[in-house]
Amino acid sequence: MSNTLILVVEDDFSVRNLMKTTLKANGYRFLISETGKTAVMETASHKPDIMLLDLGLPDMDGVEVIKEIRTWSNMPIIVISARSEDRDKITALDAGADDYLTKPFSVDELLARLRTTERRLEFMINSRSEPRVFVNGDLTIDYPAGCVYLKGAELHLTPIEYKLLCLFSKNVGKVLTHTYITQQIWGRTLDSDIASLRVYMATLRKKIETANDANAYIQTHIGIGYRMFKVDPK
Ligand code: CA
């Protein structure tokens with residue numbers, strides 16, 4: 001059951017019915033607009049996740065709807081139109097449409113486009129809420145690049161050290177237990193894993209904490225685990 005809310009903008013009765021039936025059968029929530037004006041209003045008041053937009057509407061051109069909505073919203077818009085000329089497709093994409101489907105379309109094709117768009121939406125939401133770069137005192141982690149810097153100089157960490165550091169950075173301020181850490185890194189907790197963890201933590205700390213550095217990033221909780229401090233910005 002999808003939680004995605006779809007706004008269908010279509011003036012043609014039979015196409016509208018096909019879409020309604022398809023969306024309903026596949027568990028989508030949806031709203032219907034028959035004109036461009038109501039489509040803009042529905043978008044503003046209900047904030048749908050995805051718009052399926054017919055280009056030939058009775059009151060205005062679908063491209064105008066895209067232009068209007070793009071001034072204040074990034075919602076994915078999939079254009080569905082009988083016009084098969086490339087010119088219309090390009091105009092719609094230039095105006096800010098995300099995808100294009102030509103009538104007559106198959107139900108499977110429509111559903112496939114929706115799934116792709118939903119995956120993209122999910123990715124957009126995840127990358128918005130997860131920062132790409134972590135900064136703590138002199139320590140910087142560039143997650144997409146998989147690089148760690150200390151005072152601007154790149155550190156050479158082993159894959160396990162890097163995984164450990166990312167785990168701490170994503171839980172900064174929290175004490176992570178030995179069990180939790182070994183589960184996250186090795187997917188199990190054997191006595192030997194806890195012993196290895198100690199070794200990896202020692203080498204990781206040597207790399208990120210220099211002897212005369214006031215920035216001690218990781219605190220040991222004996223018999224419990226470790227915690228990364230949030231270092232005050234200087
Ligand atoms: Ca139409």
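Treat the numbers as computed from the prediction; the structure is a model and nothing was measured. Atom set for the values below is all heavy atoms of this structure, side chains included, hydrogens, waters and symmetry mates excluded. All ligand and atom numbering here is 1-based and tracks the order in the structure.
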- Message: Under a 3.5 Å distance rule, please check whether K230 uses its side chain to pair with a backbone N or O of G173 as donor and acceptor.
- Response: no

- Query: Are R188 and D193 ion-paired here, with the side-chain N under 4.0 Å from a carboxylate O?
  - Reply: yes

- Got a salt bridge between R70 and D98, using NZ or NE/NH1/NH2 to carboxylate O under 4.0 Å? yes

- With sequence neighbours left out, write down each residue that passes side chain to side chain donor-acceptor pair (under 3.5 Å) with T117, or none if nothing qualifies. none

- Atoms of type N, O or S from protein under 3.0 Å of the Ca ion (ligand 1), total 3

- Message: For residues 37-52, which residue pairs pass the salt bridge (charged side-chain N to carboxylate O under 4.0 Å, His left out) check, not counting sequence neighbours?
- Response: none

- Could you name each residue pair satisfying salt bridge (charged side-chain N to carboxylate O under 4.0 Å, His left out) that touches residues 9-20, not counting sequence neighbours? E10-K103, R16-E34

